[in-house]
Every structure is written in structure tokens, then in C-alpha cells.
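Following: one structure in C-alpha cells, then a few remarks.
In this text the structure is predicted, and so the values were computed from the model without any measurement.
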Amino acid sequence: MKLLISILQYVPVTLASIGLIIATSSFISGLQLIRGTSITIEGRIHRLNGYLSIILYVILAVLGFALSGISLWSVFGWFSGFFIILTKLWIVKKSRKKRRAFKYVSWFGASLTLMWLYMVYIHLPL
């Protein structure tokens, strides 16, 4: 039983680390997509990484609420991170027709990577 508890203690750290890797990969493929190299392959990689990143984010939010309970600050923190994700998606949808907004997409991509770095930090066991 102790072994199972110790293994489950590291699940959020592992998921957050995988999310950081996926977010970094998505950021790099998104930058290559903006530069206009092979759009089909980079676009598919970027979209897949984005979906995986959102799924991992939701799983970590549910795990966070299940393991540490629901408080006002935790709900605010998780929803503000999800708001950053939705804002990035909104900017991408708006900037498809107008290429001048792409500079903001790279800033939000970098902020998503930093958000995942923070996710790894808050889930490290003490």
C-alpha cells in the first residue's frame, strides 16, 4: 500500500513534465508554422500537441482538486491558466486571415510554456 501511495504521489509531477515537453514542442512547431516551412506536417504536429496539452491540463486540474480539495485560489489559478489557453486559441483563430497578429501568438505560446514550467514546480513533492 505504501508503494502505491508513493507511486501516485509522482503522477502529477510526471504528467506536468510531459505537459511541459509537449508545450515546448508545440511552441517550436508553432514558430516553424509561422515562418511558413512545411505547413501540413508542422500544423498537424502543432494541433496534436495542443490537444494533448489541453487534455493533460484538465487531468492535472482534476487531480489537483481531488488531492488537495477545492479552494478559491486553486479554482482561480486553474481557470486563469485555462483562460490563457483559450486566449491563445482565440488569437490564432482571429489571426488566420490577418497575419499581423502572429507576433502575439508567439508571446502566448511562450507564456504557455512558462505556465507548464510553473505546473511542474507546484507539483514537485516536498
Side-chain angles (χ1 to χ4, degrees):
M1 188 66 174
K2 283 186 175 182
L3 179 66
L4 180 64
I5 292 173
S6 66
I7 290 173
L8 289 178
Q9 180 181 359
Y10 292 106
V11 169
V13 178
T14 305
L15 290 177
S17 300
I18 292 170
L20 176 64
I21 292 168
I22 289 173
T24 305
S25 173
S26 179
F27 177 63
I28 292 170
S29 64
L31 287 178
Q32 291 174 346
L33 190 63
I34 289 173
R35 291 185 183 193
T37 56
S38 62
I39 293 174
T40 57
I41 295 170
E42 303 301 340
R44 289 181 187 159
I45 291 171
H46 186 68
R47 184 167 289 168
L48 177 68
N49 287 340
Y51 287 140
L52 289 175
S53 178
I54 290 172
I55 290 169
L56 282 175
Y57 187 83
V58 170
I59 289 172
L60 279 173
V62 169
L63 274 174
F65 290 139
L67 295 176
S68 62
I70 297 175
S71 69
L72 181 64
W73 285 109
S74 65
V75 170
F76 176 73
W78 287 107
F79 276 113
S80 62
F82 197 66
F83 179 73
I84 291 173
I85 294 171
L86 291 179
T87 304
K88 194 245 183 201
L89 291 174
W90 179 73
I91 289 173
V92 167
K93 296 289 183 189
K94 289 290 187 181
S95 67
R96 266 190 198 165
K97 296 175 183 144
K98 302 173 186 173
R99 297 199 51 95
R100 67 176 183 240
F102 274 150
K103 63 181 176 181
Y104 301 116
V105 173
S106 63
W107 279 100
F108 270 100
S111 67
L112 288 175
T113 304
L114 290 175
M115 181 183 73
W116 276 103
L117 185 62
Y118 179 70
M119 297 287 290
V120 171
Y121 174 73
I122 64 169
H123 287 316
L124 286 177
L126 298 174

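The two residues G81 and Y57 make their nearest non-hydrogen contact at CA-OH, 3.2 Å. Between S25 and N49, the closest heavy-atom pair is OG-ND2, 3.0 Å.
Under the 4.5 Å side-chain heavy-atom criterion for Ile, Leu, Val, Met, Phe, Trp and Tyr, L72 and F83 are members of distinct hydrophobic clusters. Cluster membership check: M115 does not share its hydrophobic cluster with F76, using side-chain heavy-atom separations under 4.5 Å among Ile, Leu, Val, Met, Phe, Trp and Tyr. Both F82 and I55 are part of a single hydrophobic cluster, where members link through side-chain heavy atoms under 4.5 Å apart. Note: the hydrophobic cluster containing I21 does not contain Y118 (ILVMFWY, side chain heavy atoms under 4.5 Å, direct or indirect links). Under the 4.5 Å side-chain heavy-atom criterion for Ile, Leu, Val, Met, Phe, Trp and Tyr, I85 and L48 are members of the same hydrophobic cluster.
At most 12 heavy atoms of other shown residues, nucleotides or ligands fall within 6.0 angstrom of atom OH in Y51.
Note: S53 OG to I18 CD1 = 12.0 Å, rounded to the nearest 0.5 Å. The line from CG of L114 to OG1 of T24 is 9.0 Å long, rounded to the nearest 0.5 Å. Rounded to the nearest 0.5 angstrom, I22 CD1 and L15 CG are separated by 9.5 Å. Between atom CG of residue L52 and atom CD1 of residue I59 there is a gap of 9.5 Å, rounded to the nearest 0.5 Å. Between atom CG of residue L86 and atom CD1 of residue I54 there is a gap of 7.0 Å, rounded to the nearest 0.5 Å.
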